[in-house]
Amino acid sequence: MALGDLMASRLVHSSSSPSPSPSTAAPPAPLPNHHHNHVTDDLPVANGPEPRNGLEPAEVEKPASVAYPPQVVVLCEQRHEGIDEAAAAAAGPSTSGLVSKWRPKDRMKTGCVALVLCLNISVDPPDVIKISPCARMECWIDPFSMAPPKALENIGKTLHSQYERWQPKARYKLQLDPTVEEVKKLCNTCRKYARSERVLFHYNGHGVPKPTTNGEIWVFNKSYTQYIPLPITDLDSWLKTPSIYVFDCSAAGIIVKAFLERLDWSSSSSSSSQKDCILLAACEAHQTLPQSAEFPADVFTACLTTPIKMALHWFCKRSLLRGSMDRSLIDQIPGRQNDRKTLLGELNWIFTAITDTIAWNVLPHGLFQKLFRQDLLVASLFRNFLLAERIMRSANCSPISYPLLPPTHQHHMWDAWDMAAEICLSKLPQLIADPNAEFQPSPFFTEQLTAFEVWLDHGSQDKKPPEQLPIVLQVLLSQSHRFRALVLLGRFLDMGPWAVDLALSVGIFPYVLKLLQTSAMELRQILVFIWTKILSLDKSCQVDLVKDGGHTYFIRFLDSLDAYPEQRAMAAFVLAVIVDGHRTGQEACIHAGLIDVCLRHLQPENPHDAQTEPLLLQWLCLCLGKLWEDFAEAQSLGLQSNAPEILIYLLSEPQPEVRASAVFALGNLLDMGSTSSNGVDDDSDDDEKVKAEINVVRSLLQVSSDGSPLVRCEVAIALTRFALGHNKHLKSVAAEYWKPQTNSLLKSPPSLANISSPSNVYSPNNIRQGSSGLASHIGPVLRVGIDSSATGRDGRVSTSSPIATSSIMHGSPQSDDSSQHSDSGILLRENASNGGLSYTRSRPADSVIYSQYISTMCSVAKDPYPRIATIGRRALSLIGVEQVVMKNSRFNSGGAHQGETSAPPSNFGMARSSSWFDMNSGNFSIAFRTPPVSPPQHDYLTGLRRVCSMEFKPHPMNSPEGLADRLISAAAPSNAELSILPQSTIYNWSCGHFSRPLLSGSDDNEEAHARREEREQIALDCIAKCQRSSACKMTSQIASWDTRFDSGTKAALLLPFSPIVIAADENEQIRVWNYDDALPVNSFQNHKLSDRGLSKLLLINELDESLLLAASSDGNVRIWKNFTQKGGQKLVTAFSSVQGHRAAGRSIVIDWQQQSGCLYASGDMSSILVWDLDKEQLLSTIQSSGDSAISALSASQVRSGHLAAGFVDGSVRIFDVRSPDRLIYMARPHAPRTEKVVGIGFQPGFDPYKIVSASQAGDIQFLDVRRAAEPYLTIEAHRGSLTALAVHRHAPVVASGSAKQMIKVFSLEGEQLTIIRYQPSFMGQRIGSVNCLSFHPYKSLLAAGAGDNALVSIYAEENYK
């Protein structure tokens, strides 16, 4: 199977970029869960202001009567698992831990080899009695076949050439039958030459006695009349370390023992680490070498230096071929050992693969690295040592080594070697007879790859690792098997970081690095995939890649259009890791033109094309961001290449990950140490740069109210960078706001004395009088440095008044008319002084931006997502605006109530401007912090913290949110400032995508599907039951729950598939209760801010993993998961649903439509905001034609895109998001009364044309959109006191509640089915008005909550089980 197919079939997109779900289709397209053959597609569309409501019944098909459960599921992507620095860092490529262990500590080389042969041919040592016939061959030479001196010389030369095959570049020194002096000289010479490299000392003692019990080996005197002992300690002191010894003599184990004693002694006597010393010995202390003539005399040396020949000779005697085979043919095997396309080369290759595999499977990883991966010669000797152990054990001789290896002579991989040897021997006679015969490769590697593939199909992290891994590595050397091996390797690496670590510890790295030099097209995709997997685990490989020029391979791949976008995204990821914090990598990639490549692919070829694969866009942005990070040269190149314009275009992409990545890239274009912060520089380049940066910030301010916390978090971090880079300008502008301004729009700014007097501080009225009706724009308490003569560094006086003009923020992103940026309200002095910072060259355009910046950061500091709010506060503290938690409850109450009336317009014709702080800003008051001032005097504002400069570091307050971050006063970024810069998380978090499996779909989906099908079935059964029941008399109270809320129950919600009710109060305390067992399940606070008030609870994804949406009355929406686990609730997302609109007051109305994935929000304003929760984006804003505010909102659960709105003036409108005019129906069913609509809803069942509306006056009107504007049924339910309306989704009932402790249930025909009077409580107090009513989505159950006490009651039909 070609890799392309493999990738296409297996590269199932997981977290980072969701494939568009049904909800992302173009609005008019029919949704898959919607069967349009049952209903006409569009309701009548209004023409002009007066809608035509006439539709002939004949034109309308019968409504659907079958339920189609919505298929849209939102907010269940990887990004909703939470984004914080710790989680992101864990997801990103590591530089330590699991990682670095695979790298060989430091490559070693054996630089010098000393060969010492003590053979004394023709004289047998006294302690050896030889048998006859006896083993004679030394280095495959019979010493008695020629004169002894000649034989000795030949054997020496042969041994030299045998070793040279394993390490050709070493220097070789030979001593034949030497004296002690000659050995000493040899050792010293070798060490001198090798310097710090390893020295190999080979000792053949076949012509001298066995070593002594003290561990002395024997050499000769000059006249060869005596054997002279040579203590091993001397040898060690001459050779030093690193060294490797080979002892081929009887009882060699004695020497090893003596060495170990010396090592123990030296390591205990000196504190130095253990010596790097390796020993290989032919047998144990009590053993003599085999004398059988079937072996050479130096069988140990033969195994170590000529393994193939030795192995075949030994195997030939044990094989079935032994009768027919001429053993002399073994010496004539055709080919070269290093040519794998010849018989000898292939055998050698197979032998290497098998011995490597045995070692890797048997040895601990650390030891394997040291012996088999650090030094080529040592690795070869140890591979061959495994063979020596196998062969010599058959002759009752056990070779030993230090470090000690576990026994390997019976490992089952030797069977594979025997088979390969047999195949080779069987071909041999034919190949020798006909040298031109075609060479047939062995099936060994193909079979081993198949075994590996079988493991991949069934293996996992918990099972034993695949033993074929080292063979896969060997196969990479062969062109014929390479592609298959790489694909299988890719599948293995995809199993997780543990698999990548295993592959790296086998030694895959140099192989795949080298493969980047090939130009083979078919390998490109799989190589990019493999490198993606390696770099997702270990970032440190970036250095090797750049050193070998590997980055150009990935830039070319990224630029090629014939690869799948997902694979090009991988190449972008690899490049992002290469440049991540690596200056050499950044420079190399800039010279290779990476910026242009990325920018080119970020722009669609033609604007009408569907946009590129989101994952690719995301990684192109992240790659650019990492390339520019802290690298001024790259930033200026980016600005010259028009990067901001291209990236700003991506800020409206549907995928939050793409938007966040584009923000990350833009943020990294901002130079934190820009000259604009280090004193004014008249350089024109700098002017251009500042202009470009201001442009970037302008676009970032516009996305500061994005629906996704992932995006807003990046915006907040980028804007914090801007606060560092433009610190001085921002401080000046911020200071200006708090200066008393004679020419300002204020009539009479209050004097400092007035503020300082404690009696006035707490009275909002004083501020109101002094600021001509602007109180509603200013936080109830402002704190300044009271010492008005605070002298700055340059001797100027810095005064700061706490009152700012309301119109300063004219045209801010928060105001309705934010499109017209006007600087008419900006008053910036030409030479503002702020305690020694002077800003002479005022740029009006910049001033507008700086003002908007401060305004935006003040709303960021109140973000519903805690991490973003913390970053916002940190940014404000950098520019001297401190936000302080109010400790005094009097402030809160004073602030909240005042804000409930809408703000009176200021007297200067700028009514629509919004200021930095409105009365609803809750627990923050804002004050400006000046640079160094005199030591703090008494602080009159109790409960607030006085801000001092760096010289008087205050202790941060112990607030729950960690409000008081470290204070900063320097203008240019110092190390202290950089260290408190919040770290961006999008890059590390996105890297996590590649460390998860990419080639296999997850198994969790099947479980989720099964659960969903089961729930759908339950729902459909319940719906059928509901529709059949003619009269749902909710007469029996099945549960009553005292929620113990202080302020009564504000909202209640019944879960569809478990007996659980959720209730919340005005203080946003959420409690979860099981009404079958009457037990509490969970209780938590929606947020910790002091600005409280709850609007509604909604359930999202009710057929899947349900999420709880809690809408606060200030428009902030928070969505929770795991809310039914005690203490397990987790915030999935949070955003402001009416941001940018001063939804004055506390009356946010909100509803959710599962089919379309849309959330509709409105309030005291004339427009409805439509949020797409899949894209986490504001989809559109529906302007309602009336001037009246919206008081009730209901989305159709049958028709995607339909919603009904009730207004404060008693009118009702229906909108269709998909129709061009939006408004499709309008009526005033409650006329002549004009009380506000309290509740509205689509009628139960599947008829999308009927709605129910209830007004505060107490009447409930039933309307049919097709007939007329007049209601066809009116119920006078409660006289003048209706407070709540609930419409069942499927059962034909509606319920209403009144302020007079009464609930009534009506049928759709207007018949009153039940009246529930709240019983007086046991204390004799009657309960207050009915605050909330909520039906169960599929059953005839009604939950009711009251305002004055904390009871939640649940009612059902009499026969409820």
* CZ of R1011: more than 12 outside heavy atoms within 6.0 angstrom? -> yes

* Will you find, in the side chains of E1358 and S1036, an N or O donor that is under 3.5 Å from an N or O acceptor? -> no

* **Donor-acceptor pair between S1147 and D1164 side chains, under 3.5 angstrom** => yes

* Asked: Hey, are the side chains of L1193 and F1215 touching, using non-hydrogen atoms and a 4.5 Å cut-off?
  -> no

* Salt-bridge contact D1151-K1096 (side-chain N to carboxylate O under 4.0 Å) -> yes

* **Whether over 12 other heavy atoms sit under 6.0 Å from Q1125 CD** => yes

* Asked: Would you say R1233 has more than 12 foreign heavy atoms packed within less than 6.0 Å of its CZ?
  -> yes

* Asked: Considering the options K1121, R1012, Q1154, which one meets the side-chain hydrogen bond (donor to acceptor under 3.5 Å, both in side chains) requirement together with N1101?
  -> Q1154

* Y1075 and L1341, any side-chain heavy atoms less than 4.5 Å apart -> yes

* Asked: Should E1105 and L1107 count as side-chain neighbours, where that means a heavy-atom distance under 4.5 Å?
  -> no

* **Distance-only side-chain donor-acceptor flag, Q1069 / S1083, under 3.5 Å** => yes

* Do other residues, nucleotides or ligands put more than 12 heavy atoms under 6.0 Å from K1304 NZ? -> yes

* To do: Mind running salt bridge (Lys or Arg N to Asp or Glu O under 4.0 Å) on E1357 and K1025 for me, showing each step along the way?
  => CA-CA 13 Å; E1357 297 179 84; K1025 200 170 164 189; over 6 Å; no

* Asked: Does D1216 come within less than 4.0 Å of R1199, counting only side-chain N to carboxylate O?
  -> no

